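To start, the structure under review is shown below, and the notes come after it.
Here is the naming used below: chain letters follow the sequence lines, and residue numbers restart at 1 for every chain. The analysis underlying the following values was restricted to heavy atoms, covering all of them including side chains, and did not include hydrogens, waters or symmetry mates. All figures in this text were calculated on a predicted structure; none of them were measured in a lab.
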Number of protein chains: 2
Amino acid sequence: MQINRETDYAVRCVLYLCGRKDGAITMADEISSAMNVPRSFASKILQKLSRAGIVASHQGVKGGFSIARAPRNISMLDIVTVIEGPLALNVCLESGESCGLSPSCPVHPYWHTLRTGVEELFAELTFDRFLEDRLPGKPMPPRTPLRTKKTTK
Amino acid sequence: MQINRETDYAVRCVLYLCGRKDGAITMADEISSAMNVPRSFASKILQKLSRAGIVASHQGVKGGFSIARAPRNISMLDIVTVIEGPLALNVCLESGESCGLSPSCPVHPYWHTLRTGVEELFAELTFDRFLEDRLPGKPMPPRTPLRTKKTTK
DNA sequence: TAAAACAAGACTATATTAGTCCAGTATTTA
DNA sequence: TAAATACTGGACTAATATAGTCTTGTTTTA
């Protein structure tokens, strides 16, 4: 019952882009250092967000990323879903609602109810709410990377 | 954002014991096969539940496990907490509410809010609600163990 | 006192997480 | 038009977590 590091980082990236004026194009490098997300991991995450249509990417020299939707229309559920896939809670809720066993399982409907509740909570929290507190740029706490890969030579 | 297998199994075990009349003592073996929980894993899980005071254990020949509290007083949150530890959602919420960085982190309070919401959802779902549907014994769907350890010889 | 259960914890294979790295592609600018 | 700059895609990896099993010991009953 925890979100993973990648999701936390993704939230940070989206938050940073939401905070830029007029959807300004920002390099992964800047986002990464501002939000304390390991550089190359940030790239990967931004790519996922880009494919999902949450951020827009721009290639080439003056390239970078910009926010693709109004913060009002981006929720925590969106981010979690993009990074971790559909919120399932229990494996038996994966793949099309039914594990094929649900009619006989007394717990199944309750997992289902819980999931719906959790989804609502996450969907209600949209990024415009973050910005209320944060106009325009509050510093992000350093987050020590959990693991650092030894750069081979 | 998924509960793990062990928690699912724990819910099954508690559910089974809640369904027994008068808190009857039931062997781990019976619970295990009725609920399709791998035998020795079930033992381990029942031990955790026992230490947490959710089930009671009885040693010796006529030993086994019985439910230790009224189903009304056992919630999904209890089970998740016993098996997975305090629901943290994000690592930065672990260990005493604060990562020491929270005053400067714009996201922290929102993770906190989400966690509170999730906890409430899980706390509201108590085991008496399962029993409404299930008097006294609905079969449990078989759950193929994810991994089977090769019995060495 | 033997047999039946649980208790505690060491042990293990596999999967997932949390990243890194590199070869390629698009875009701008000198 | 060729560098230089920045993203793209995917292969790769070490560390950790998950999902169990196994063994030795203890308690209780008949």
Counterpart residues, side chain to side chain donor-acceptor pair (under 3.5 Å), relative to [X] (two or more places apart):
X         : answer
Thr81(B)  : none
Thr126(B) : Asp128(B)
Ser57(B)  : none
Glu84(B)  : Thr7(B)

| Under the salt bridge (Lys or Arg N to Asp or Glu O under 4.0 Å) test, residues paired with Glu124(A) that sit two or more places apart |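 Glu124(A): no salt bridge (Lys or Arg N to Asp or Glu O under 4.0 Å) contacts found.
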| field | Partners meeting salt bridge (Lys or Arg N to Asp or Glu O under 4.0 Å) with Arg39(B) (sequence neighbours left out) | value | Asp29(B)
| message | I'd like to know if Lys44(A) reaches the base of dG9(D) with its side chain such that a donor and an acceptor end up less than 3.5 angstrom apart. | response |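 Donor-acceptor pair under 3.5 Å: no.
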Taking only N/O atoms, report every protein-nucleotides 24-27 of chain D pair under 3.5 Å with atom names and distance.
{"unit_1": "dT27(D)", "atom_1": "O4'", "unit_2": "Gln59(B)", "atom_2": "NE2", "d": "2.5"}
{"unit_1": "dT27(D)", "atom_1": "O2", "unit_2": "Gly60(B)", "atom_2": "N", "d": "3.4"}

| said: The side chain of Ser40(A) is closest to which nucleotide in this list: dT20(C), dC6(C), dT21(D)? | reply: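 The answer is dT20(C), which lies nearest to the side chain.
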Whether [X] contacts [N] is assessed here as follows: a side-chain N or O lying under 4.0 Å from the phosphate OP1 or OP2. Is that the case?
X        : N       : value
Arg39(B) : dC6(C)  : yes
Tyr9(A)  : dG19(C) : yes
Ser57(A) : dT8(D)  : yes
Arg5(A)  : dA15(D) : no

| request: Would you mind listing every salt bridge (Lys or Arg N to Asp or Glu O under 4.0 Å) that reaches into residues 46-58 of chain B, with sequence neighbours excluded? | output: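 Of all non-adjacent pairs touching residues 46-58 of chain B, those that pass salt bridge (Lys or Arg N to Asp or Glu O under 4.0 Å) are Glu6(B)-Lys48(B).
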Protein-nucleotide distance ([X], atom [atom1]; [N], atom [atom2]), rounded to Å:
X        : N       : atom1 : atom2 : value
Gln47(A) : dC21(C) : CD    : C1'   : 13 Å
Met1(B)  : dT16(C) : CE    : P     : 18 Å
Leu46(A) : dA18(C) : CG    : P     : 17 Å
Arg51(B) : dG9(C)  : CZ    : P     : 7 Å
Phe41(A) : dA15(D) : CZ    : P     : 17 Å
Glu6(B)  : dA15(C) : CD    : P     : 18 Å
Ile83(B) : dG20(D) : CD1   : P     : 13 Å
His58(B) : dA4(C)  : NE2   : C1'   : 15 Å

For residues 62-71 of chain A, please give each side-chain donor-acceptor pair under 3.5 Å, one per line with the distance, not counting sequence neighbours.
{"unit_1": "Ser66(A)", "atom_1": "OG", "unit_2": "His58(A)", "atom_2": "NE2", "d": "2.9"}
{"unit_1": "Arg69(A)", "atom_1": "NE", "unit_2": "Asn73(A)", "atom_2": "O", "d": "3.3"}
{"unit_1": "Arg69(A)", "atom_1": "NH2", "unit_2": "Asn73(A)", "atom_2": "O", "d": "3.2"}
{"unit_1": "Arg69(A)", "atom_1": "NH2", "unit_2": "Asp78(A)", "atom_2": "OD2", "d": "3.3"}

| salt bridge (Lys or Arg N to Asp or Glu O under 4.0 Å) between Arg115(A) and Glu120(A), worked out | CA-CA 9 Å; Arg115(A) 175 177 58 174; Glu120(A) 277 168 18; over 6 Å; no
| request: Could you walk me through whether Val14(B) and Ile79(B) pass the side chain to side chain contact (heavy atoms under 4.5 Å, CB included) test, one step at a time? | output: CA-CA 9 Å; Val14(B) 170; Ile79(B) 311 297; 3.6 Å; yes
| field | Donor-acceptor under 3.5 Å (Tyr110(B) side chain, Arg129(A) main chain) | value | yes
| query | Heavy-atom contacts under 4.0 Å between residues 22-30 of chain A and DNA chain D, which residues? | reply | Met27(A), Ala28(A)
| remark: Contacts of Phe122(A) meeting ring pair (Phe, Tyr, Trp, His ring centres under 6.0 Å) (sequence neighbours excluded), chain-then-number -> none
| note | Computed from five pairs at either end and rounded to 10 degrees, the angle between the axes of the helix from dT1(C)-dA30(D) to dA30(C)-dT1(D) is 10°
